[in-house]
Amino acid sequence: MPVQVIVGAQWGDEGKGKIVDHLSEEVDIVARYQGGANAGHTVLIPGKKGETPKQFVLHLIPSGIFHKHVTCVIGNGVVLDPVALMTEIDELTKAGIRIRGRLLISHNAHLIMPYHKALDSIREQGSQKIGTTGRGIGPAYIDKYMRTGIRVVDLLDRDTLCTKLKQNIQEKNELLKQIYHSDELDVDAIINQYQEFDKKIDEYVTDTSKFLNTALARRKKILAEGAQGALLDVDHGTYPYVTSSSPTSGGACTGLGIPPTEINSIVGVVKAYSTRVGNGPFPTELNDATGNALRTIGGEFGATTGRPRRCGWLDIVSLRYSIQINGIQKFAITKLDVLDDFDEIRICTGFEVNGRTISSFPTDVGTLEAVRPIYKTLKGWNSKTSEIRRYKDLPPAARRYVETIGSLARTKIWMVSVGARRDQTLVCR
């Protein structure tokens, strides 16, 4: 059973890109199973001796692309933005990364259309903002589940594409015009644009479910990569302040077309503190100097939008919930080095609401917004960890912090990251 699933255990932005890049060295295939270009996975690639490392931000192509032996798959659960994809392919190619023969795109993946972006942008200007990236992700998933979406396979037949697009665009134009008083979209221009897109991606398109299952039969090692985090899952997250897909481990099966019996390992990626982008409840948020320090030291600004992230202490209650719904067997902790200069570090171990203590994570927004975090305080280590290369060489207080997380979460800590570079990843023995 050679499939390993990598999931974000918080609200996204945990550093999954770095962990996937690190693990890709020992796998054959890296497959992205949900989300769209609203995700941003940052990977730092070391240059030659004396050269500055190169930073890449990937939105659609899996983070394993930087390892020459790895085949990357964009699964059927992803909603594909053609403009973002081609930009990404061009940027990687110019940087000397070979894409041809190494990238496969599911013929069943749904496409993000211009009207999806228009509707998403308009909605986020209203009074009840969710805090989305405005990239058209939600409207694309709406069409998918309304069974009116355009899939990659539809690009193969111009007549079919024209029929579907004309019907969709006419409906969306009515909506844009009558409800939102916005400009209409040009049907013929969109058809021509997407026909040109088809010519560019045709070499990458295949039945990726068949490809992955054939690879499994040959005992190839597969890494399944999710976007966002478990607490943004449309079913299990802090609804309605969630994404429009399933970042949880269960989404890997539906988003790639592989059976759950082939999954043998689920790794949760968790930041050494907590962050959240967009609106919604965040119990341990710090709207003070400490929160600002975490944001500044950690460079907590969205890889996709540049928005400043909301910052707070690590929340064990939400972490236990994430373990519960994902089946997480071990954790990779990222950005431990961000806490190097703090005299004290706090961990939320429980919630108090209406005078009573609760240890479970409430997913209804009203309760979650009303909770007061209960903290355990640990001493900081006040020394730099970024150049340490063995877990046992971390300062005792840093190891105590990591081991306290494992003890409170009742889950094994597998890796600890002390920086963005590949060599700044410590394996816990």
Engineer: Determine whether the side chains of Asp315 and Ser274 contain a donor N or O and an acceptor N or O closer than 3.5 Å.
Structural biologist: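 No pair is found: no donor N or O on one side chain lies under 3.5 Å from an acceptor on the other.
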
Engineer: Could you check whether any side-chain heavy atom of Val73 comes within less than 4.5 Å of a side-chain heavy atom of Tyr33, counting everything from C-beta outward?
Structural biologist: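 Result no, sub-4.5 Å side-chain heavy-atom pair not found.
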
Engineer: Indicate yes or no for a side-chain donor-acceptor contact from Glu262 to the backbone of Pro259 under 3.5 Å, with no hydrogens or angles considered.
Structural biologist: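 Not at all, since once roles are kept as given, no pair shorter than 3.5 Å links the two residues.
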
Engineer: His59 and Arg32: which non-hydrogen atoms are nearest, and at how many Å?
Structural biologist: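 Heavy-atom minimum between the residues: O-NH1, 3.0 Å.
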
Engineer: So do the side chains of Leu368 and Val365 get within less than 4.5 Å of each other, counting heavy atoms only?
Structural biologist: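 Counting from C-beta outward, Leu368 and Val365 never come under 4.5 Å.
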
Engineer: Quick one: does any side-chain atom of Gln195 pair with a main-chain N or O of Ile191 as donor and acceptor, under 3.5 Å?
Structural biologist: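 Not a single qualifying donor-acceptor pair exists.
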
Engineer: So Phe351 and Pro362, do their side chains get closer than 4.5 Å, heavy atoms only?
Structural biologist: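 Touching, per the 4.5 Å side-chain cut-off.
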
Engineer: For Ile222 and Ala215, which heavy atoms make the closest approach, and how far apart are they?
Structural biologist: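 Nearest pair, atom of Ile222 first, then Ala215: CD1-CB, 4.5 Å.
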
Engineer: Does either side chain, that of Arg422 or that of Ser417, offer a donor lying less than 3.5 Å from an acceptor on the other one?
Structural biologist: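 Arg422 vs Ser417: no donor-acceptor pair found between side chains.
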
Engineer: Would you find a donor on one side and an acceptor on the other, under 3.5 Å apart, between the side chain of Arg372 and the backbone of Gly355?
Structural biologist: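 Answer holds: no.
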
Engineer: Kindly compute the distance separating OG1 (Thr290) from CD1 (Ile345), expressed to the nearest 0.5 Å.
Structural biologist: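 Going from the OG1 atom of Thr290 to the CD1 atom of Ile345 covers 11.0 Å.
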
Engineer: Tell me, with the steps shown, if Met86 and Lys200 meet side-chain contact (heavy atoms from CB on, under 4.5 Å).
Structural biologist: CA-CA 8 Å; Met86 295 315 304; Lys200 294 178 180 179; 3.8 Å; yes

Engineer: Do NZ/NE/NH1/NH2 and the carboxylate oxygens of Glu26 and Lys221 come within less than 4.0 Å?
Structural biologist: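 No salt bridge links Glu26 with Lys221.
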
Engineer: Please confirm whether the backbone N or O of Leu111 pairs with a side-chain atom of Tyr194, one donor and one acceptor, at under 3.5 Å?
Structural biologist: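 Side chain of Tyr194 to backbone of Leu111: no pair is present.
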
Engineer: Could you point out which residue of Arg307, Lys335, Arg276 forms a side-chain hydrogen bond (donor to acceptor under 3.5 Å, both in side chains) with Glu300?
Structural biologist: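 The single option meeting the side-chain hydrogen bond (donor to acceptor under 3.5 Å, both in side chains) with Glu300 is Lys335.
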
Engineer: Is the closest side-chain donor-acceptor distance between Thr275 and Lys271 under 3.5 Å?
Structural biologist: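 The criterion, which ignores hydrogens and geometry beyond distance, is satisfied for Lys271 and Thr275.
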
Engineer: Pairs in or reaching into residues 72-97: which pass side chain to side chain donor-acceptor pair (under 3.5 Å), with residues at least two apart or in two chains?
Structural biologist: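 The answer is Asp81-Lys117.
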
Engineer: Side chains of Leu426 and Val418: does their closest heavy-atom pair fall under 4.5 Å?
Structural biologist: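 Yes; the side chains approach each other to less than 4.5 Å.
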
Engineer: Restricting to non-hydrogen atoms, name the atom on Cys311 and the atom on Leu294 that form the minimum distance, rounded to 0.1 Å.
Structural biologist: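 Smallest heavy-atom distance, with atoms named: CB-CB, 3.9 Å.
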
Engineer: Without hydrogens or angle criteria, can the side chains of Ser63 and Glu225 be said to hold a donor-acceptor pair below 3.5 Å?
Structural biologist: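 Indeed, the side chains of Ser63 and Glu225 share at least one donor-acceptor pair under 3.5 Å.
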
Engineer: Work out which heavy atom in Lys18 is nearest to a heavy atom in Gly419; give both atom names and the distance.
Structural biologist: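 Result for this residue pair: NZ-O, 2.6 Å.
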
Engineer: Measure the acute angle between the ring planes of Phe342 and Trp313, then classify it against the limits of 30° and 60° as parallel, tilted or perpendicular.
Structural biologist: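 It falls in the perpendicular class, over 60°.
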
Engineer: Determine whether Gln10 and Val270 satisfy the following criterion, side-chain contact (heavy atoms from CB on, under 4.5 Å), listing intermediate values before the conclusion.
Structural biologist: CA-CA 6 Å; Gln10 298 162 303; Val270 56; 3.4 Å; yes

Engineer: Can you check side-chain contact (heavy atoms from CB on, under 4.5 Å) on Leu314 and Thr284, steps first, answer last?
Structural biologist: CA-CA 7 Å; Leu314 182 63; Thr284 63; over 6 Å; no

Engineer: Strictly distance-based, threshold 3.5 Å: is any side-chain N or O of Arg295 a donor or acceptor partner for the main-chain N or O of Arg309?
Structural biologist: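 Yes; judged by distance alone, with no hydrogens or angles, the pair exists.
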
Engineer: How are the rings of Tyr141 and Tyr145 set relative to one another: parallel (under 30°), tilted (30 to 60°) or perpendicular (over 60°)?
Structural biologist: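 Tyr141 and Tyr145: parallel rings.
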
Engineer: For a quick check under 3.5 Å, do Asp154 and Thr160 share a side-chain donor-acceptor pair by atom type?
Structural biologist: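 No, no side-chain donor-acceptor pair sits under 3.5 Å.
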
Engineer: Any donor-acceptor pair under 3.5 Å linking the side chain of Thr208 with the backbone of Phe211?
Structural biologist: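 Checked: no pair found.
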
Engineer: Between His67 and Ser24 (side chain of the first, backbone of the second, donor and acceptor by atom type, cut-off under 3.5 Å), is there such a pair?
Structural biologist: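 Such a contact is absent between His67 side chain and Ser24 backbone.
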
Engineer: Does the pair Thr367 and Asp364 meet the rule for a side-chain hydrogen bond (donor to acceptor under 3.5 Å, both in side chains), with working shown?
Structural biologist: CA-CA 6 Å; Thr367 303; Asp364 64 290; 2.6 Å; yes

Engineer: To the nearest 0.5 Å, how far apart are CG in Leu60 and CD1 in Ile112?
Structural biologist: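 Between atom CG of Leu60 and atom CD1 of Ile112 there are 7.5 Å.
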
Engineer: Output yes when a side-chain donor or acceptor of Glu14 lies under 3.5 Å from a complementary backbone atom of Gly12, and no otherwise.
Structural biologist: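 Looks like yes, one N/O pair under 3.5 Å.
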
Engineer: Please give me the minimum heavy-atom distance between Pro281 and Glu369, naming the atom from each residue.
Structural biologist: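 Nearest heavy atoms, Pro281 then Glu369: CB-CG, 3.6 Å.
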
Engineer: Examine distances only and state if a side-chain atom of Ser106 and a backbone atom of Gly75 form a donor-acceptor pair shorter than 3.5 Å.
Structural biologist: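 It does not hold such a pair.
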
Engineer: Is it the case that the side chains of Asp143 and His116 hold a donor-acceptor pair, with the cut-off being a distance below 3.5 Å and no angle test?
Structural biologist: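 The criterion, which ignores hydrogens and geometry beyond distance, is satisfied for Asp143 and His116.
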
Engineer: If you compare all heavy atoms of Ser246 against all heavy atoms of Val234, which two are closest, and at what distance to 0.1 Å?
Structural biologist: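 Smallest heavy-atom distance, with atoms named: OG-CG1, 4.2 Å.
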
Engineer: Side-chain contact, heavy-atom cut-off 4.5 Å: Ile65 with Val70?
Structural biologist: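 A side-chain contact under 4.5 Å is absent here.
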
Engineer: Counting N and O atoms only, with roles assigned by atom type, does the side chain of Arg421 sit under 3.5 Å from a partner on the main chain of Thr425, one being a donor and the other an acceptor?
Structural biologist: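 Answer holds: no.
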
Engineer: Drop me the distance from Phe361's CZ to Ile325's CD1, to the nearest 0.5 angstrom.
Structural biologist: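 With rounding to 0.5 Å, CZ (Phe361) is 9.0 Å from CD1 (Ile325).
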
